[in-house]
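This report concerns only the one structure given below.
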Amino acid sequence: METGDGVPVSSRVSAKIQQLVNTLKRPKRPPLREFFVDDFEELLEVQQPDPNQPKPEGAQMLAMRGEQLGVVTNWPPSLEAALQRWGTISPKAPCLTTMDTNGKPLYILTYGKLWTRSMKVAYNILHKLGTKQEPMVRPGDRVTLVFPNNDPAAFMVAFYGCLLAEVVPVPIEVPLTRKDAGSQQIGFLLGSCGVTVALTSDACHKGLPKSPTGEIPQFKGWPKLLWFVTESKHLSKPPRDWFPHIKDANNDTAYIEYKTCKDGSVLGVTVTRIALLTHCQALTQACGYTEAETIVNVLDFKKDVGLWHGILTSVMNMMHVISIPYSLMKVNPLSWIQKVCQYKAKVACVKSRDMHWALVAHRDQRDINLSSLRMLIVADGANPWSISSCDAFLNVFQSKGLRQEVICPCASSPEALTVAIRRYCVTSPPGRGVLSMHGLTYGVIRVDSEEKLSVLTVQDVGLVMPGAIMCSVKPDGIPQLCKTDEIGELCVCAIATGTSYYGLSGMTKNTFEVFPMTSSGGPITEYPFIRTGLLGFIGPGGLVFVIGKMDGLMVVSGRRHNADDIVATALAVEPMKFVYRGRIAVFSVSVLHDERIVIVAEQRPDSTEEDSFQWMSRVLQAIDSIHQVGVYCLALVPANTLPKTPLGGIHLSETKQLFLEGSLHPCNVLMCPHTCVTNLPKPRQKQPEIGPASVMVGNLVSGKRIAQASGRDLGQIEDNDQARKFLFLSEVLQWRAQTTPDHVLYTLLNCRGTIANSLTCVQLHKRAEKIAVMLMERGHLQDGDHVALVYPPGIDLIAAFYGCLYAGCVPITVRPPHPQNIATTLPTVKMIVEVSRSACLMTTQLICKLLRSREAAAAVDVRTWPPVLDTDDLPKKRPAQIYKPSNPETLAYLDFSVSTTGMLAGVKMSHAATSAFCRSIKLQCELYPSREVAICLDPYCGLGFVLWCLCSVYSGHQSILIPPSELETNPALWLLAVSQYKVRDTFCSYSVMELCTKGLGSQTESLKARGLDLSRVRTCVVVAEERPRIALTQSFSKLFKDLGLHPRAVSTSLGCRVNLAICLQGTSGPDPTTVYVDMRALRHDRVRLVERGSPHSLPLMESGKILPGVRIIIANPETKGPLGDSHLGEIWVHSTHNASGYFTIYGDESLQSDHFNSRLSFGDTQTIWARTGYLGFLRRTELTDANGERHDALYVVGALDEAMELRGMRYHPIDIETSVIRAHKSITECAVFTWTNLLVVVVELDGSEQEALDLVPLVTNVVLEEHYLIVGVVVVVDIGVIPINSRGEKQRMHLRDGFLADQLDPIYVAYNM
């Protein structure tokens, strides 16, 4: 027996064989590589690894052990025990001295006061919040500490109060405003820690923002807090018998230190009591701290090195801390050095910026002596540029008693606490490494020579901490031990570290529970290590070197760069002149599947734009030569505008966020996408087309049905169309004037919606007769002469048109000049009059005056106008006879229009074509004398003119005419008229639809109240010569749905120069369909249908139904061969109402004949087609037409002459413009064009001028991401600069001319280098 497919099957076939048979039946899919060529999709280039890149060659590293943590007999069993001891045996010993902003000692906190006050705070926290039965805070709960940077004493009392009460302090910064940079994230941390109480000082509490009722408002993202002031005078005294419970250090949480991540989120690192104590012991041993030493602390005492040395270890050793607030450093950067001298301090804790500031401020102070210092702890010694501060500082202050071995850089991280610190050692000199920057980008250590620029000089940060083990592991993937010449993330195993991220078990596991692996795959110890977040290596002699932070890592094209290194290079370029040293942010943004480097710096107010650009271009060169990496964007912002961290640094993630959302407001921007975007797809190579022989089989091309379609046949439709008897429109009018003289054909509305004027058949006929007499007698015109009709939209225009037909003249309708803008509009009128060879010009009295005015004389040469006839003053007589043309093929009228590319083209419409056109529209829209149609269009060319002037005379329906200009004063005019006259069919332009959508968006309720009802509208057609603007039609439909508008009613039409209307939705037939195509395939002139919402999808709406008497075929514009169904090609049209040729084309004579009589190169080579110049495709749908056939839908993609050829691909401006408009809320309009081979993007800015430069990076990003193109120039202009014609189409070529002639008066022009 056989299966249906003819494959023999036996009932005993095993499942295996059956599976094989099934596999063979399935078509073979080509292997991947071919698949892509076949589908010839744009593949982004993948960075190929450089074969010469350095690779690590050393042996596997060994974990490094620190010295044994020696247990000293008199070390206290816990930190609270130490406080109790000193507070009772040395109550007078100074613990902390605070300074005011003049550098005078403000307050001395003794160990006795610290002990008694901390106890008081502890008692009050536990017993005075809430009720006896329900205390608010119990041991183990978290409370937050909110103290300003100038009040370390209050902070210290509160912190130790918490330790004594066994509650967990979470120190944070004071929220200055409700929208402080990063403050919201801190709020999330407090919420996740379950904090309900905030301890603060009196002064700080008074300074917090308050509501009118005196309440402290809830900060954005913060939990509801009870604010508790810790000053002694506000607290109750503990009873005599109350005593805090002082235990030995255990595994309970002692405190939580906050940490801000790269993305701006804030985590809480928990530190246990045993870790806290062990850390103090390790620091005491490493730094050789002894009782009653004096230490000067410049660092933030709430976290990190400042907290560990200045608040915790100092108490363990009964040391005296001199605390220098940030506010004092701002006023007097030398203050810390003066305090070291004054107090003969043994130790100072500083950051490299404090050393740098001291150097800048230092002017040979005589009385400085630093010989008392035995340790100058540099807290950010891990930062690559700290070495230059250390060297320069030593250089200047060596003569003041500073010894080289005193400078002790250290490395720390929130997770691992102190990672390494340089010991005070006279014998061995400090370690230095001069490393090749190129090697480092591959994570490899290569020693280089100091002379080169492209090296990084690093200093050691000392040895591993006592009692700890350290190793380095590969930064990503499995934690594999590095080789000895490889850069890795430093990991530490010790008791003295953080234990978790509070409440985040997953992240905790990845960071705090790491088991480094050897190359054989086993862990190196059974104890977990902690990732420090620092990148570095362990050098000779166990010295630890740090070359950067994991957070600052930017991986660009597979190479690793450190943000701090890039900052250092930027600062090396004449730093002090143009930008502020500490105010540079470097981060990377992801654009087109790779990281791109962005540098943002604050510019000094006195530097000029010229200076800044010089500096910016130097920075780019420096980074390129030293780091061999391109900078994507360099932006300068005004001084003091970058978001700050509480201690004055830059809030990096917030800065990046502002950059990405376009609210950074730079004053200078330099983008260099050309140099750093290297992964664009290869430019397209055009494939040779398949020759005709291999493809034509019957009605198939390459196996697909030929893409051809037609509307209903005009000849075979039987209807009682009386007008068919007449060959000429002038005869139809005379017949109507005899048979239905009082039937109203036209009603013109004014801006108030009342009837301004109307015409019956006989009135129109009589006016036309008088105008014919005027043309013959006053104008002395012969039949066949051309007459320019310069009228505003209205009734006069219609009468003048038929007057010309009655006199045998050929009318040309011309838009009148704009009275407010004669200089730009009058030359176009003049040009049309001249090009059309008009023998005379007819117009109204008002326009006559305008044409003779002073302004007109300034704009054009008024002496060369043809005779001007004023039709407001008509003769009273009738013509002897009305002209009847000898042949229907003679010229009826000329249709002139300026294309979007700025070409003025006039086409010839014969009498036969005009009548066929009117009949086609009558059939499609089912127009009869009893119908009313509302028209809100410009009546000067194309379908707009035909609907306004011709169709009513042919079909006898009443046209309600609404001049679009009236909508500017009354946007609801058109829709109110449609509702009032109960109109079923209406026509408008995109400009009208946009005006209604924008102008009436908020008024739908009030319009409903006024009785606006659109439920009777059957068809609302947008008359267009472009791809349907689906977003606009959809938003219009959605907006007016509530007023009864049926969503199926809205559709579009398609016309062009060779055929003024190819498609028009009409009344019968299926609704317009929408398909989604892949934008990337379109650029390759291919149609690929995709699902809605898939990436790179573009919705295309059918352009209405093909009109009766129209045939369409899709042809290849180059080879002129027919194309298959759903293939993209040029739309060709054959129809009785095609125009019969160009009258003249102004400016490009070569385009002519071929447009109107082309033949296919194979297949049906007899039919004569007109080429529309539009790309599109036909697709057979599942729907049925009115005549029962399957419906063919026509989709327009865009005009050939508008399309831009870039990188070998065809781009349609509208697609790029749509992306750009979405990029930022302040972009209201956009137009693109090419200049040389650069893409120029012009955007209109609706916002303040300071937003102008925000747009440049966003526009560049979106065009790269969505279109794989690099923008060459971004021009930011004011609203209304992009010229738009009456059809609502952008005049991109006019804009281009304006750009090249420097006439746009832009707000900003950015040339992307």
Side-chain angles (χ1 to χ4, degrees), residues 662 815 818 820-821 823-825 827-828 897-904 938 964-965 967-968 989-995 997-999 1022 1024-1027 1029 1031-1032 1035 1198-1199 1201-1204 1211-1235 1238-1249 1251-1256 1258-1260 1262-1263 1267 1269 1271-1312:
R815 175 190 311 283
H818 197 291
Q820 270 81 55
N821 196 354
T824 52
T825 54
T828 311
S897 143
V898 179
S899 76
T900 51
T901 50
M903 299 257 307
L904 174 66
D938 271 329
S965 53
L967 264 67
E968 284 165 23
S989 64
Y990 279 125
S991 323
V992 166
M993 195 167 262
E994 195 158 27
L995 204 77
T997 311
K998 283 184 178 163
V1022 187
E1025 301 190 359
E1026 58 181 299
R1027 177 202 302 175
R1029 296 189 203 172
L1032 179 55
S1035 52
D1201 56 358
E1202 283 264 275
M1204 303 180 295
Y1211 285 88
H1212 296 277
I1214 184 70
D1215 296 326
I1216 298 176
E1217 289 158 2
T1218 306
S1219 299
V1220 170
I1221 287 175
R1222 282 204 314 264
H1224 192 276
K1225 61 181 186 308
S1226 300
I1227 299 176
T1228 53
E1229 189 53 274
C1230 161
V1232 301
F1233 52 82
T1234 51
W1235 166 52
L1238 289 178
L1239 176 65
V1240 181
V1241 176
V1242 181
V1243 292
E1244 289 185 3
L1245 169 70
D1246 175 17
S1248 66
E1249 295 207 349
E1251 287 182 35
L1253 281 90
D1254 285 318
L1255 308 181
V1256 178
L1258 297 185
V1259 166
T1260 310
V1262 75
V1263 176
H1267 303 280
L1269 285 179
V1271 177
V1273 188
V1274 180
V1275 188
V1276 184
V1277 295
D1278 293 308
I1279 293 179
V1281 169
I1282 296 172
I1284 288 181
N1285 69 11
S1286 59
R1287 291 192 294 271
E1289 298 164 337
K1290 293 172 202 165
Q1291 303 279 276
R1292 297 182 185 91
M1293 290 305 126
H1294 283 319
L1295 185 68
R1296 183 175 187 271
D1297 297 342
F1299 168 73
L1300 296 180
D1302 207 10
Q1303 292 163 346
L1304 299 185
D1305 186 23
I1307 300 169
Y1308 192 82
V1309 181
Y1311 293 92
N1312 288 347

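Index from 1, following the sequence.
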Show me the side-chain donor-acceptor pairs of residues 1299-1308 shorter than 3.5 Å, one per line, residues at least two apart or across chains.
none

task: Applying side chain to side chain contact (heavy atoms under 4.5 Å, CB included), run through Val1220 and Val1243 and close with a yes or a no.
output: CA-CA 8 Å; Val1220 170; Val1243 292; 3.5 Å; yes
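Residues forming a side-chain hydrogen bond (donor to acceptor under 3.5 Å, both in side chains) with Glu1289 (at least two apart in sequence, or on another chain): Asn1285, Arg1287. By the salt bridge (Lys or Arg N to Asp or Glu O under 4.0 Å) test, Glu1249 pairs with no residue at all, sequence neighbours left out. Residues forming a side chain to side chain contact (heavy atoms under 4.5 Å, CB included) with Thr997 (at least two apart in sequence, or on another chain): Met993, Leu1032, Ser1035, Phe1036, Leu1039. Among residues two or more places apart in sequence or in another chain, the salt bridge (Lys or Arg N to Asp or Glu O under 4.0 Å) test is passed with Arg815 by Asp938. Under the side chain to side chain contact (heavy atoms under 4.5 Å, CB included) criterion, Thr828 pairs with Ile832, Val898, sequence neighbours left out. For Tyr990, there are no ring pair (Phe, Tyr, Trp, His ring centres under 6.0 Å) partners at least two apart in sequence or on another chain. Residues that satisfy the side chain to side chain contact (heavy atoms under 4.5 Å, CB included) test with Leu1239, not counting sequence neighbours, are Met1204, Leu1206, Ile1216, Val1232, Val1241, Val1263, Leu1269, Val1271. Residues that satisfy the side-chain hydrogen bond (donor to acceptor under 3.5 Å, both in side chains) test with Asn821, not counting sequence neighbours, are Thr824. By the side chain to side chain contact (heavy atoms under 4.5 Å, CB included) test, Leu995 is found to be paired with Leu967, residues two or more places apart in sequence or in another chain being considered.
In terms of heavy-atom proximity, His1267 sits nearest to Ser1219 at NE2-OG, 2.7 Å. The shortest non-hydrogen separation linking Leu1258 to Ala1223 is CD1-O, 3.8 Å. The shortest heavy-atom contact between Pro1213 and Ala1203 is CD-CA, 4.3 Å.
Annotation: the span from His1294 atom NE2 to Ile1282 atom CD1 amounts to 14.0 Å, rounded to 0.5 Å. Put simply, NE2 on His1224 and CD on Glu1251 are 5.0 Å apart, with the number rounded to the nearest 0.5 Å. Here the straight-line distance linking atom CG of Asp1297 with atom CZ of Phe1233 works out to 9.0 Å at 0.5 Å rounding.
Not one N or O on the side chain of Arg1296 forms a donor-acceptor pair closer than 3.5 Å with the backbone of Trp1235. Panel note: side chain His1212, backbone Ile1214; no donor-acceptor pair is recorded below 3.5 Å. Between the side chain of His818 and the main chain of Thr825, no donor-acceptor pair closer than 3.5 Å is present.
Contacts classified as salt bridge (charged side-chain N to carboxylate O under 4.0 Å, His left out) and involving residues 1213-1233 (residues at least two apart or in different chains) are given here: Arg1027-Asp1215, Glu1217-Lys1290, Glu1217-Arg1292, Arg1222-Glu1266, Glu1229-Lys1290.
When the options Val1256, Leu1238, Val1259, Val1273 are evaluated for a side chain to side chain contact (heavy atoms under 4.5 Å, CB included) with Asn1312, the one that passes is Val1256. Applying side chain to side chain contact (heavy atoms under 4.5 Å, CB included) to Val1276 and the options Val1242, Leu1255, Ile1227 leaves one that passes, Leu1255.
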